[in-house]
Amino acid sequence: MLLAGALVGTAVALGVTAGRRRHPVLADALLALNERVGATSLPLPQKSWHRALLPTLRRLPVAVPDSDLELLGISRDRFLIEAAASAAMLAVAGPALAGVLALVGTGLPMVIPGGFTVVGLLVGWTGQSRRVMTRADDARIQLRSALVAYLQQVGLLRRGGAGVSTALTVPGTLLADSWAMRRLRDELELAQMAGEMPWEGLRRFGERVEVDELADLSAIAAAAGHDGATVVGTLLARAESLSDELLADEHTDANRASGQMSTPGALQVFLIAAWVLFPAGAALLGSV
């Protein structure tokens, strides 16, 4: 009854807190209006328990690099809060098991629920890191795939007589259906608002998210912008080579997945054979 009352009280307190309107912090509101600041640079909306936990969470080891968070548009503080929430959700298994054991009266030591709590904390904390890194790897593949279409459009615009800045900016507006193209468009707009050339924005974005193809594109565009070089053939060749690289990676992943599927299949055949042969073997041994 005490536990049920505590849960109900906590739920009511959370509902009242969520329903209250809060005034925004002036510094955060002004930073959100700054067009030169990326979305990932915006701070996480600070709550009281955020302010209490973040100093401790920032000291804990985290395997997620900044480039993955930048690519996914997640701030470091937001990731830490999500990882802590995931760890807390899995750690509840320990107290729940302790309550069940106390009600049943099995007499098992409390070390077992404590072990479940520790394991839940570790699995929840590291699991969030693995999920973010997996999402970042998939996002890099999607970004490279979008770069193939982007390079082809830039090359065609250059062949049609468009300037380097126009050729780099227009495809992001015309092909804004995918998040990758929208991200490229936003980075180009940020570079334009900052008074920089478009290829500088691409180079900086490639360095932040660790995508080398963006640095290559920036170097080609910079050569065309500074020296007036003809880059149509270079851009189209780079798009074709990038497409071949992505296709080769897909073939490698497919072969690896096929090899991994053979192991469960062999195990299944072995179990079926054992299930069929066991009665005959048992009968044969019983007749001896």
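What you are looking at is a predicted structure, and each value in this text was computed from that prediction instead of being measured.
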- [ ] Mind listing the closest non-hydrogen atom pair of Leu157 and Thr166 along with its distance?
- [x] CD1-O, 4.5 Å
Task: Leu143 vs Phe205 side-chain heavy atoms within contact, under 4.5 Å - done: yes
Task: Contact summary for Phe79 and Ile74, nearest pair of heavy atoms - done: N-CG2, 4.0 Å
Open item on the list: Check whether Ser86 reaches the backbone of Glu82 with its side chain - one donor and one acceptor, N or O, closer than 3.5 Å.
Closed with: no
Task: Pairing of Asp68 and Arg140 as salt bridge, 4.0 angstrom limit - done: yes
- [ ] Specify the closest pair of heavy atoms between Val64 and Met133, including all atoms of both residues, with the distance to one decimal.
- [x] CG2-CG, 4.2 Å
Task: Approximate separation, where rounding is to 0.5 Å, of Glu200 CD and Arg203 CZ - done: 4.5 Å
Task: Closest approach of Leu72 to Val132 (non-hydrogen atoms, all atoms of both residues) - done: CD1-O, 3.6 Å
- [ ] Answer yes if Leu90 and Leu60 sit in the same cluster of Ile, Leu, Val, Met, Phe, Trp and Tyr residues linked by side chain heavy atoms under 4.5 Å apart, and no otherwise.
- [x] no
Task: Rounded distance [0.5 Å steps], CZ in Arg144 versus CG in Leu151 - done: 12.5 Å
Task: Distance in Å, Gln153 CD paired with Leu147 CG, rounded so as to fall on 0.5 Å steps - done: 13.0 Å
- [ ] Please tell me if the side chains of Val62 and Trp125 come closer than 4.5 Å, counting only heavy atoms from C-beta onward.
- [x] yes
- [ ] State, yes or no, whether a side-chain contact exists between Asp66 and Arg76 at a heavy-atom distance under 4.5 Å.
- [x] yes
Task: Approximate separation, where rounding is to 0.5 Å, of Met89 CE and Leu121 CG - done: 13.0 Å
Open item on the list: Please determine whether a side-chain nitrogen of the Lys or Arg among Glu70 and Arg183 lies less than 4.0 Å from a carboxylate oxygen of the Asp or Glu.
Closed with: yes
Open item on the list: Between Glu196 and Arg204 (salt bridge meaning N to carboxylate O under 4.0 Å), is one present in this structure?
Closed with: yes
Open item on the list: Would you compute the distance between atom CG of Leu80 and atom CZ of Arg58 and round it to the nearest 0.5 angstrom?
Closed with: 7.5 Å
Open item on the list: Just verifying a value: how many Å separate Leu214 CG and Glu187 CD, rounded to the nearest 0.5 Å?
Closed with: 9.0 Å
Task: Closest approach of Ser129 to Ala63 (non-hydrogen atoms, all atoms of both residues) - done: OG-N, 4.5 Å
Open item on the list: Less than 4.5 Å apart, side chain to side chain, heavy atoms only: is that true for Leu57 and Ile81?
Closed with: yes
Open item on the list: Any heavy-atom pair between the side chains of Ser75 and Arg78 that's under 4.5 Å?
Closed with: yes
